[in-house]
Amino acid sequence: MFYREVGQLKTSYQSDQAVFTIAQDRWSFLVLLIVAFGVVPFFINDYFANAVLLPFLIYALAAIGLNILTGYCGQLSLGTGAFLGVGAYAAYKMTTAFPELNFIIVLFVSGAVTAAVGMFFGLPSLRIKGFYLAVATLAAQFFIVWLFYKVPWFFNYNATGQISMPPREVFGILITGPKAQPWATYLFTLSVVLVFAVFAKNLVRCRSGRAWMAIRDMDIAAEIIGIRPLQTKLLAFGISSFYVGVAGALMFAVWLGAAEAGETFGIDQSFLVLFMIIIGGLGSIMGSFLGAGFMVLMPILLKQSMVDGLGLAAVTAKHMEFIIMGVLIVFFLIVEPHGLARLWQIVKEKLRLWPFPH
Amino acid sequence: MSYKERKIGDTLLKVEDISLSFGGVKALSHVSFDIKEHEIRAIIGPNGAGKSSMLNVINGFYHPQEGLITYKGQVRRQMRPHQAAKQGIARTFQNIALFKGMSTLDNIMTGRLLRMRRNVFWQALYFGPAVKEELEHREAVEKIIDFLEIQAIRKTPVGRLPYGLQKRVELGRALAMEPELLLLDEPMAGMNVEEKEDMCRFILDLNDEFGTTIALIEHDMGVVMDLSDRVVVLDYGQLLADGTADEVRNNQDVIDAYLGVSHGDDESLEGAA
């Protein structure tokens, strides 16, 4: 009843190409932003930041990255875990080598390094497609993690083989290390993720996004209209890896504070992020957020409700959680194979008519 | 007709002595013909005659083992399809090759990709020149949408459109490239009479209004004879005839290829006729 676009006439192509074409969407997004920036930081605590919000935001960023590659450009990748690792190790090496360097620059450099690595491993994509490409990126996953174990230079020759983040400030506010306040880490991560999400949204509705989707949908026809397959795919690999790299740097530096190659950046991470974009919606920036939300928040919700609500033992709850998550994933994929983003769209279309059927 | 003759210009594309084979299979052997500026050139022939292979050679998908291709006065080297696109050759496919996940608008916008210049950073910011560029091209695309009368399906994902409209969108995408040479591979296959008439109208209009040179493959002889200025006939990879529609229609080889030749008692048949 309230979600109507009656009287909202578009008079220019610019307004027709806006991200939120409907005023209600614009207002809800604005409210969401105000809550996220203006309200949440006052109520945030350590648990809420580190168990809920930071993982959600950081995985959403990684999911956007993978979505650009897999959802928009159609190149299946299983190397996300390793690329997160590349971002993390790049951030670690940069910030220990140059302690004075602004952390935002460190983030960008980690993204750039990961982009270079990603493009290198994207080279085979010209020749191989689909599952075979996935296997090629799987090689990247194992090789890179192995490298981080075997070459002590990456973890600065320390005894444990782990990397841990020294405290760093941005604009005089501590955002990494154990003493960083939850509101600071949250606000920093939120800002970074928001900016990159906006960039991603812009990219996919411009020339690059169309070129990627053209390659995804029909590469022969794409070449006919002048799209160069290798360059386009490499650009997708580069930008995707940049996003994943920044997410990896945030994950290590701001959220976890310490990391070990095999444990933190293993193949499970690759699958986790892949599931996020499949459930959230391939080829949708919003879907990346929804998918990350689902995969991060649902287990917490389940655990809370089972342990605190039903009084189950923690171990039982953990196993139940696996079962229920599995069932939910299957359920959502059957109900809407195009993911939560599509489901959301359908709901919106229904809402436009509600409560009158015609 | 006189108007047409006046309009047709110099040779735009010339293929000489083209031979193409896949292993032992000869798809084309020693085919030569030319396409003049602003003309509508039909390529006909029975199934498997090598018509689509010929188009694939022209836009760089296949590389012929022998022969010369001269485009706009320059002998062409081996090239990839995207280079052909850059030189102004667009095409549509026999089986529709649209980008199924994208809307009609986006599909036609992809046709403008080559003309868009702003790099990734501008696009990410979506600010200033990048926006301006988007809007300019949107306007060009809207003109094509108007021309093809597909305003109503602008935002519809093309996968959901009926076959005839998909063909029209595909033509729109090719037009968005503002090509000099437009290759149409069976643009009217599987259409009903009304859709065929629409398509014919679009082809004639764009040839008239924009002066686009068109090479088309088509099986509907009525359409071919009505539309085309000149016709090339291929059979088993060889050039059978080349000339105006009337000349080709009365060519004995062509009639034989299409209707078949009866062996043995030719005399008696002719006598009966």
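Quick note: numbers below take in every heavy atom, side chains included, and nothing from hydrogens, waters or symmetry partners.
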Visitor: Considering non-hydrogen atoms only, spot the tightest contact between B:Pro81 and A:Glu223 and give its length.
Guide: CD-OE2, 3.5 Å
Visitor: Which atoms of B:Arg118 are under 4.5 Å from chain A, going by heavy atoms: the side chain, the backbone, both sets, or neither?
Guide: backbone
Visitor: Should we say atom NZ of A:Lys348 is surrounded by more than 12 heavy atoms from elsewhere, each under 6.0 Å from it?
Guide: yes
Visitor: Would the number of heavy atoms belonging to other residues, nucleotides or ligands and lying under 6.0 Å from CZ of B:Phe22 be above 12?
Guide: yes
Visitor: When rounded to the nearest 0.5 angstrom, what distance separates OG1 in B:Thr110 from CH2 in A:Trp212?
Guide: 15.0 Å
Visitor: Is it true that, when you exclude A:Phe120 itself, more than 12 heavy atoms of the residues, nucleotides or ligands shown sit nearer than 6.0 Å to its CZ?
Guide: no
Visitor: Does A:Ile220 have more than 12 heavy atoms from other residues, nucleotides or ligands lying within 6.0 Å of its CD1?
Guide: no
Visitor: Should we say atom CD of B:Gln151 is surrounded by more than 12 heavy atoms from elsewhere, each under 6.0 Å from it?
Guide: yes
Visitor: Relative to chain B, which of A:Ala222, A:Gly283, A:Gly209 shows the most heavy atom pairs under 4.5 Å?
Guide: A:Ala222
Visitor: Does the pair A:Arg210/B:Asp106 count as a salt bridge with the N-to-O cut at 4.0 Å?
Guide: yes
Visitor: Could you walk me through whether A:Arg207 and B:Trp122 pass side chain to side chain contact (heavy atoms under 4.5 Å, CB included), step by step?
Guide: CA-CA 11 Å; A:Arg207 187 186 69 168; B:Trp122 281 112; over 6 Å; no
Visitor: Check this for me: A:Phe37, atom CZ, are more than 12 non-hydrogen atoms of other residues, nucleotides or ligands nearer than 6.0 Å?
Guide: yes
Visitor: May I ask you to decide if B:Leu135's main-chain N or O and A:Gln14's side chain share a donor-acceptor pair within less than 3.5 Å?
Guide: no
Visitor: Below 4.5 Å from any heavy atom of chain B, which atoms of A:Ile215 appear? Answer side chain, backbone, both or neither.
Guide: neither
Visitor: At a 4.5 Å cut-off on heavy atoms, which part of A:Arg205 comes close to chain B: side chain, backbone, both, or neither?
Guide: both
Visitor: Can you say whether B:Phe61 sits under 4.5 Å from chain A via the side chain, the backbone, both, or neither, judging by heavy atoms?
Guide: side chain
Visitor: Any side-chain heavy-atom pair from A:Asp16 and B:Lys155 closer than 4.5 angstrom?
Guide: yes
Visitor: Evaluate the side-chain proximity of A:Ile224 to B:Phe93: yes if any heavy-atom separation is below 4.5 Å, no if none is.
Guide: yes
Visitor: So, taking the atom named CE in B:Met116 and the one named OG in A:Ser208, what distance separates them when rounded to the nearest 0.5 Å?
Guide: 10.0 Å
Visitor: May I ask you to test the B:Leu114-A:Ile225 pair for a side-chain heavy-atom distance under 4.5 Å?
Guide: no
Visitor: Which bit of A:Ala200 comes within less than 4.5 Å of chain B, counting heavy atoms only: side chain, backbone, both or neither?
Guide: neither
Visitor: Test side chain to side chain contact (heavy atoms under 4.5 Å, CB included) on B:Phe99 and A:Met213; report intermediate values, then the result.
Guide: CA-CA 7 Å; B:Phe99 308 127; A:Met213 288 187 273; over 6 Å; no
Visitor: With a 4.5 Å heavy-atom cut-off, do B:Tyr126 and A:Val198 have their side chains touching?
Guide: no
Visitor: Taking all heavy atoms of A:Phe199 and all of B:Ala124, pick out the closest pair and write down the distance.
Guide: CD2-O, 3.3 Å
Visitor: Which atom pair, heavy atoms only, marks the closest approach of B:Ala97 to A:Ala221?
Guide: O-CB, 3.2 Å
Visitor: Over all heavy atoms of both residues, which pair between A:Pro229 and B:His82 is shortest? Give the atoms and the distance, please.
Guide: CD-CD2, 4.4 Å
Visitor: Does atom OH of B:Tyr163 have more than 12 heavy-atom neighbours from other groups under 6.0 Å away?
Guide: yes
Visitor: Assess whether side chain to side chain contact (heavy atoms under 4.5 Å, CB included) is satisfied between B:Leu125 and A:Asn202, documenting all intermediate values.
Guide: CA-CA 7 Å; B:Leu125 292 173; A:Asn202 286 340; 5.7 Å; no
Visitor: Distance from B:Glu142 atom CD to A:Tyr13 atom OH, nearest 0.5 Å?
Guide: 4.0 Å
Visitor: How many angstroms lie between atom CE of A:Met218 and atom NZ of B:Lys100, to the nearest 0.5 angstrom?
Guide: 5.0 Å
Visitor: Please say whether more than 12 non-hydrogen atoms of neighbouring residues, nucleotides or ligands are located less than 6.0 Å from CZ in B:Arg160.
Guide: no
Visitor: Search all heavy atoms of A:Ala214 against all heavy atoms of B:Met102 and return the closest pair with its distance.
Guide: N-SD, 4.1 Å
Visitor: Could you check which of B:Glu134, B:Glu139, B:Met177 has the highest count of heavy-atom pairs closer than 4.5 Å to chain A?
Guide: B:Glu134
